[in-house]
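All residue numbers in this chain count up from 1 along the given sequence.
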Amino acid sequence: MSNRSVIAQFALALIIECLVIQSAYTQSKRAKYPLTEFDNYGCMAKGRVQDCGGRVMQQILTDGNDAIPILISQLTETAITKKQIGDYWSGTRSGDVAFVVLNDLFTDADLVTFGMPGVPDWSAVQKGCNRQAQACWNEYLRKHGRTSVRQAWQRAWNLHERQVHWDAKTQCFRVSKD
C-alpha cells in the first residue's frame with residue numbers, strides 16, 4: 001500500500017471520528033432531563049432541591065453549568081410528573097420542575113438571595129399573590145406564559161453564561177461581577 005493511500009485512509013478515519021464525536025457532543029447538548037421522574041420526596045418543604053437527593057437532581061448537579069441551558073429548554077414543557085414538586089402542589093408539570101430547579105440552583109443557602117438577574121424568581125411570581133406557591137405560579141403563567149419565562153431565562157443565560165460559576169460553600173450558582 002502506498003504512503004498516499006495510507007495517509008488518505010488515515011485522514012478519512014480521522015474525519016469520520018471527528019464527525020462522530022461532534023455528533024455525540026451535539027446530542028448531549030440537546031439532551032433533556034427526565035423531569036417527569038423528578039423525586040423530591042422527603043425534602044419538599046425543607047428548602048432547595050440541590051440540598052436533597054434524587055437521581056435526576058444528582059445528574060443535574062453532576063452536569064454543572066451544562067445543565068442550565070437544558071433546564072431552560074424544558075421550561076415550556078407541560079408533561080405531567082409522576083410526583084409533585086412540593087407540598088400541596090398537584091398536577092406538577094415538567095416545566096414547573098425546571099422552574100423550581102433553576103430558581104433553587106441560583107438561590108443562596110439563606111433561601112432568600114437569588115443570583116440570576118433578569119429572570120422571574122419566586123419573589124416576582126408571588127408579588128401581589130397571597131396564595132400558596134402553586135396558585136401564584138399558575139396565576140403568573142396565565143398572565144405571562146411559559147414562553148416568556150423561558151425567553152427571560154435564555155436572555156439572562158446568553159448574557160451571563162461566561163460569568164456563572166458554582167459556589168461550593170453555598171451550594172448554588174453565582175454570577176460573577178467581572
Side-chain angles (χ1 to χ4, degrees), residues 30-61 63-161 164 166-167 170-175:
R30 284 186 268 137
K32 304 241 182 221
Y33 295 108
L35 298 181
T36 58
E37 307 289 325
F38 195 86
D39 186 358
N40 200 26
Y41 182 75
C43 193
M44 292 186 277
K46 294 183 181 177
R48 308 171 306 168
V49 293
Q50 64 262 40
D51 298 328
C52 304
R55 182 183 54 83
V56 177
M57 192 64 223
Q58 290 309 309
Q59 183 61 53
I60 290 168
L61 291 172
D63 289 350
N65 287 37
D66 292 338
I68 298 167
I70 296 169
L71 289 165
I72 291 170
S73 76
Q74 292 185 266
L75 284 167
T76 52
E77 292 181 0
T78 58
I80 296 175
T81 63
K82 291 183 178 178
K83 298 181 181 185
Q84 60 192 37
I85 188 67
D87 287 336
Y88 312 110
W89 191 314
S90 61
T92 305
R93 307 294 176 150
S94 51
D96 304 337
V97 174
F99 179 77
V100 169
V101 171
L102 281 167
N103 270 270
D104 284 3
L105 287 174
F106 282 90
T107 299
D108 199 303
D110 66 8
L111 303 179
V112 176
T113 308
F114 182 73
M116 178 57 95
V119 300
D121 62 354
W122 281 113
S123 64
V125 168
Q126 293 178 315
K127 186 176 183 178
C129 181
N130 296 323
R131 298 171 21 212
Q132 64 179 341
Q134 182 184 15
C136 293
W137 173 239
N138 288 336
E139 183 178 315
Y140 188 90
L141 288 178
R142 275 192 294 283
K143 288 179 183 176
H144 303 282
R146 290 183 186 276
T147 301
S148 75
V149 174
R150 181 177 174 177
Q151 289 170 340
W153 271 94
Q154 190 62 60
R155 276 190 306 273
W157 178 247
N158 292 344
L159 186 62
H160 300 292
E161 175 182 5
V164 171
W166 183 256
D167 182 332
T170 58
Q171 295 292 297
C172 70
F173 285 111
R174 296 199 185 272
V175 178

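From S90, atom OG reaches atom CD of Q134 across 4.5 Å, with rounding to the nearest 0.5 Å. Rounding to the nearest 0.5 angstrom, the gap separating the OG1 atom in T147 from the CG atom in L141 is 10.0 Å. Rounded to the nearest 0.5 Å, atoms CD (Q58) and CD (Q50) are 10.5 Å apart. Distance check: C136 SG to K127 NZ gives 13.5 Å after rounding to the nearest 0.5 Å. To the nearest 0.5 Å, the span separating CD on E139 from CD on Q126 amounts to 11.0 Å.
No side-chain heavy atom of L105 sits less than 4.5 Å from a side-chain heavy atom of C172. Residues N65 and E161 have side chains not in contact (no heavy-atom distance under 4.5 Å, counting atoms from C-beta outward). A heavy-atom distance below 4.5 Å is not found between the side chains of F106 and V119. Q154 is listed as a side-chain neighbour of N158, based on a closest heavy-atom distance under 4.5 Å. Here the side chains of M116 and V175 are in contact, with some heavy-atom distance below 4.5 Å. Side-chain contact check for V164 versus R174: every heavy-atom pair is 4.5 Å or farther apart. Between T81 and L35 the shortest side-chain heavy-atom distance does not fall below 4.5 Å. Taking the side chain as every heavy atom from C-beta outward, P120 and H144 never approach each other to under 4.5 Å.
Smallest separation of non-hydrogen atoms from R150 and T76: NH1-OG1, 3.2 Å. R131 approaches R142 most closely through the heavy-atom pair NH2-NH2, 4.5 Å.
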*Where do E77 and Q74 land on the side-chain hydrogen bond (donor to acceptor under 3.5 Å, both in side chains) test, with the steps shown first?*
CA-CA 5 Å; E77 292 181 0; Q74 292 185 266; 3.3 Å; yes
*Check the pair V100, V49 against side chain to side chain contact (heavy atoms under 4.5 Å, CB included), reporting the backbone distance first and the verdict last.*
CA-CA 8 Å; V100 169; V49 293; 4.1 Å; yes
*T92/K83 under side-chain hydrogen bond (donor to acceptor under 3.5 Å, both in side chains): CA gap, chis, key distance, verdict*: CA-CA 7 Å; T92 305; K83 298 181 181 185; over 6 Å; no
*Kindly indicate, with the supporting measurements, whether the criterion side chain to side chain contact (heavy atoms under 4.5 Å, CB included) is fulfilled by L159 and R155.*
CA-CA 6 Å; L159 186 62; R155 276 190 306 273; over 6 Å; no
*May I have the step-by-step check of side chain to side chain contact (heavy atoms under 4.5 Å, CB included) for L71 and W153, ending in yes or no?*
CA-CA 10 Å; L71 289 165; W153 271 94; over 6 Å; no
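The backbone N or O of Q171 lies less than 3.5 Å from a partner atom in the side chain of R48, making a donor-acceptor pair. Between the side chain of D167 and the backbone N or O of T170, at least one donor-acceptor pair lies under 3.5 Å. The closest donor-acceptor contact from the side chain of Q84 to the backbone of G91 lies at 3.5 Å or more, if one exists at all. Q59 places no side-chain N or O within donor-acceptor distance of the main-chain N or O of Y33, the cut-off being under 3.5 Å. At distances below 3.5 Å, at least one donor-acceptor pair connects side-chain atoms of D110 with backbone N or O atoms of T113. At least one donor-acceptor pair closer than 3.5 Å links the side chain of R93 to the backbone N or O of T78.
Between the side chains of W137 and D96, at least one donor-acceptor pair of N or O atoms lies under 3.5 Å.
Using a 4.0 Å cut-off between charged side-chain N and carboxylate O, K82 and D39 make no salt bridge.
In this structure, F99 has its ring center closer than 6.0 angstrom to the ring center of W122.
A side chain to side chain contact (heavy atoms under 4.5 Å, CB included) with L102 is found for one member of V97, T107, I72, V149 and no other, namely I72.
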